[in-house]
Each structure stands twice: as C-alpha cells, then as structure tokens.
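This report refers to the structure that appears directly beneath it.
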Number of protein chains: 2
Amino acid sequence: MKKGPLETLITGVDTRTSHSQVVDVLGRAIISGEFPVGTILPGDQELAMRFKVSRTVLREAMKTLAAKGLIVPRARIGTRVTARNQWNLFDSDILTWHFHNGIDEDFLTHISEVRMAFEPHAAALAAIHATEVEISHMMRLAVAMGDPAHTPESLAVADLRFHLAVAEASANPFMRSVGSLIEAALVGIFKLSSPAADREGIEDVSRNHIRIVEQISRRDEAGARAAMEVVIRVGRARVRVAMDDTPETVAG
Amino acid sequence: MKKGPLETLITGVDTRTSHSQVVDVLGRAIISGEFPVGTILPGDQELAMRFKVSRTVLREAMKTLAAKGLIVPRARIGTRVTARNQWNLFDSDILTWHFHNGIDEDFLTHISEVRMAFEPHAAALAAIHATEVEISHMMRLAVAMGDPAHTPESLAVADLRFHLAVAEASANPFMRSVGSLIEAALVGIFKLSSPAADREGIEDVSRNHIRIVEQISRRDEAGARAAMEVVIRVGRARVRVAMDDTPETVAG
DNA sequence: ACACGCATATTGTCATATGATATGATTTTT
DNA sequence: AAAAATCATATCATATGACAATATGCGTGT
C-alpha cells in the first residue's frame, strides 16, 4: 500500500532526510518572496552554515530547486532566483509551498480556471476511451464518496481518487500529470470548507460525481464534459463563499 | 536579450557543464525505456565510473532527475525508475527528451488534446483580462508571422512568441506555465511540416492568428476561444497529414 | 581613450571517509 | 518447526577539504 500524495500534504511534508528539509525551507522561502525574484541568494558556504549542513547537501538541494525552475546558478555570479513565469507551477512541491504560505484567493481562482479547462476535456476523452473496467472502478469511487462516515480528510482523499481515475481513463498521460494540481486544489478547498460538514453536502457531492460516470458510460462526450463542469463549479463556489462571507459575484 | 527556450531546443540541449551532460544522457535513457520503469538502476559508483565523473556530480544529476519525478532513491535498495504517470510531463526537459527519442504520433495527438483544452480557455481569459498594451503586442506578433521571408525555424519562433503572449495576457500564471508544452508542440509540428514551405501557408497562418487578437480586442470570449480552436485544429491536421499520407480521419 | 590581462569570488568538480538505513541471513526463543 | 529478534552487508546520505573553471571588474600599459 503506497501512501498517496494527499496524505503527505495534509500530514505535512516529508522531513526525514536533511536534504528534503533544506529543499523545503529554501523552496518555501523563495516562493514566499523572502528571497525576491531576480536577487542573488547567499553563497553555498554561507547557506550551508545557516542550515547547519555540509556543502554537499546544500548543493544537492540547490540542484533540486534548479530542476524545478526556481533558481539558476552561474559561476562567479551566484545563484539567481528566476522570474515567476519560469517556475513549473505543475510541480507538486511548488504547489505545496504555495499553500504553505497561506491560501490566496487569486491562486485558488487560477487553479479553478485550470481545472475548468482541463477536467471537462478529460471527462470527454474518458467517454471515448474508458474501458468497462475503468468505468466500474470510477463508479465505485463515486459511490464511495457518499459514505456519511466521511471525515473531511477522507472525503478529500476519495474526491482526489475519483478525479485521478477520470484523468487516467482519458488515456492521455498529460491529463494524469495534472494530478498534482487537482490534489492541490482539493487540499485548498478542503482546508477552507469541506462538504463533509453536513450529511446533505456529502450526498450532493456523491450524486454529482456519479452523474459524470453515467455520462462516460453512455459514451456521451458532451454530457460528461457538462457533468464535470458542474462538479468543478460547485467546488469553486464553495471556496468563494468560504473565503468571503460577502462574495461580490456568486454568479459564475 | 535572453535566448528563448525554443532556440535551445532546436540547436540542441545545453551541454556545457558535465552535470547537465549526465542529466541529459540519463534522462533520455530513462524516457526511452533503456532503463525500464520499475527497475533499479546501477549504483552511484558504477554510474559515476560509466560517465567518467565524480560521484558528487553523479549524485547531483540524480537529484535533478528525482526533482522531475523520474526516479526515487531508497537507501540500501537503490534508485528506482518511477511509473510513467508520476513523471512531470509539463517539465520542459522531459518533453525535450521525449522528442529526442523520435517523434511519436500518439504523443503529438496527446499534446494537441492538451492544447485544445488549454489554449482556447487562455484566449477566453485574455479577452477578459488583456490590457491594451498586451493586445497591441499580440497583434504585432500575429502580423509578424505573415512575413514571407520566414524560414521554418523563424516561423516556429514567431508562432511560439504569439502563443506565449496570449498565455501571459490570460493573467493566469498556470497558463503561462504550459509554455514548455506549447513549445514542444510547435517544435514537433515544425519538424514534421512547416507552413513556411509555401507562401500561401504563411499568409493563412498569420490571418488565423490575427483573428484571435481581433476577438480578444472585442472582448468576445466565445469568439476568441473559437478562433484559437481553429488555429490548433489546423496545426493538428497538418501534423496528421505529414505523419501519414493516408490519414484515416481528417475530420476532427 | 582603449584594449588587454590579472586578481578575485563563486560555482563546478573531485576524492575519500563515515553515518544511516533497509534487506536478508542467522540465531534465538517459543 | 515456526516465529521473533539479532546481526552482517550493501546502498544511499552526509561530511570534509582541496582544486578547477568561469565570469566579473579593476588596474595597467600602450
């Protein structure tokens, strides 16, 4: 039983190795702007001292961050924080760091927009490509979301599983790669306001998800797309309400 | 003048430092399946010997690959190649490696699907958020695509610039992050068959792109979305024709 | 004024040693 | 004999100290 990524997100980031600790702290510091974009960060030696690790570990951490596009090292110059638009926002670590710096409404809006672009399309593709096995699997997951015993966490996990299953059934590997994004969105939504709060909410969510599978099962592309759009719209609305008690525009 | 990413893709990958060389060779080997998914790759020392570099450099290269989700190291076990669905396909290096292993029709189809999900949405958002400065900038880029003096390369670059500008104007950072994907798609398309081959093709392309800007300028979301869909559909059709002289289904 | 070259600071690379960890064999216990 | 505890071992993780490569900017000479 491999532990899913959502769990690590909720329980906190893996801080076993000293490498990942440094990566985590530095990554958050960059994302938060503590090391502003365009600036040079301290040299290897000083950072190594500051984190109380060897230069080896520090450099490996830097390579990890560089691989994600956050920094660019240049000999004699130093290591520069790259412009925001060069960061790989689909990286699950980077998303996590964003959320650790407090939940930003704009950010959630952006994620919702991306989901709105992506997931309905994935559902439509699933209506074309999904196998019978995948369909019954998705149906089981959708039904499982209706369990009234759900805690907010367990519901978020079930939700994530369903959406990843749809992405998988789309037979397009890129859709599956958006998983980390979906995950981040669900965590954000769940932290703000969970439908598991009331039993009625849970039933609603489950019913809406089942409808997606039904459309996929009927091989109805447009129907699947529409059903998925409903689910995402509901989630977004919940976020808006939770973030601001006087939502300027609820009509989405 | 910062050099764009497309140039490096066409001219070949940066192979200055021995670190990036190792990353490149190992990355390609993993993507190509030379080190199959699920297998353990050779130990640090052996790989260091094989690449004729120190263990330090090799390990930093491994961290780079691990950051992109290609491998997972575990003490005493070794370093395992992760399942394909854990790779970050939106990473520009990973995409480059895919294309270096030969262009795969399925892969191009998948990219087209993603663009079809993403870019029309981005265009619609641009119709809402684009500033006047951004609009005139996009218009200049679209017009510049019509220059009959374009070589295939320069047209691909102009094309990329335009699509990135639209993503930027959407005011959603995630859209901009899909840039590496767009880039890969353009490179793939350009390698197969460039519209710069005939003058008529260039004019067509330019006209279609100008139409997008016009719709954005009119703040017409649906129109911008539709215009973008046309552009992507045309590109996809050209790829299909180029890949197979007897396209089974041109009707998309 | 201009070009050239050198001092210098920072990242890049190397070699070696030791610690941490998980596997599988071995031993002990029940 | 079966199960649990222990230990040897292989691999990654970390540390240390040294040297090489590189790019900046100053200073020097013409």
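We name chains A, B, ... by the order of the sequence lines, and we start the count at 1 in each one.
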For B/His19, what residues pass the side-chain hydrogen bond (donor to acceptor under 3.5 Å, both in side chains) criterion, not counting sequence neighbours?
-> B/Thr64
Ring pair (Phe, Tyr, Trp, His ring centres under 6.0 Å) partners of A/His209, counting only residues at least two apart | A/Phe162, A/His163
Axis-to-axis angle across the helix from C/dA1-D/dT30 to C/dT30-D/dA1, five pairs each end, nearest 10 degrees, ~ 0°
Can B/Val22 and B/Met62 be said to form a side chain to side chain contact (heavy atoms under 4.5 Å, CB included), step by step?
-> CA-CA 9 Å; B/Val22 174; B/Met62 300 278 246; over 6 Å; no
Residues in salt bridge (Lys or Arg N to Asp or Glu O under 4.0 Å) contact with A/Glu34, at least two apart in sequence or another chain = none
List for me each residue that meets ring pair (Phe, Tyr, Trp, His ring centres under 6.0 Å) alongside A/His98, sequence neighbours excluded, and say none if there are none.
-> A/Phe107
Contact check, residues 65-73 of chain B vs DNA chain C, heavy-atom distance under 4.0 Å, returns none
Does the side chain of A/Ser112 come under 3.5 Å of the side chain of A/Thr109 through a donor N or O and an acceptor N or O?
-> no
Could you list where the contact with chain B starts and ends along DNA chain C, reading 5' to 3', using a 4.0 Å heavy-atom cut-off?
-> C/dT13 to C/dT23
Identify, with sequence neighbours excluded, every residue that meets side-chain hydrogen bond (donor to acceptor under 3.5 Å, both in side chains) alongside B/Glu46.
-> B/Arg50
Please name all residues satisfying salt bridge (Lys or Arg N to Asp or Glu O under 4.0 Å) with A/Arg80, sequence neighbours left out, ordered by chain then number.
-> none
Under a 4.0 Å heavy-atom criterion, the protein footprint on nucleotides 16-28 of chain D, written with B, S and -, is B-B---BBB----
Who passes salt bridge (Lys or Arg N to Asp or Glu O under 4.0 Å) against B/Arg84, sequence neighbours left out?
-> none
Between the main-chain N or O of A/Asn101 and the side-chain N or O of A/Ser32, is there a donor-acceptor pair closer than 3.5 Å?
-> no
In chain order, what residues pass the salt bridge (Lys or Arg N to Asp or Glu O under 4.0 Å) check against B/Arg76, with sequence neighbours excluded?
-> none
Does any donor atom in the side chain of A/Trp87 or B/Ser177 lie under 3.5 Å from an acceptor atom in the other side chain?
-> no
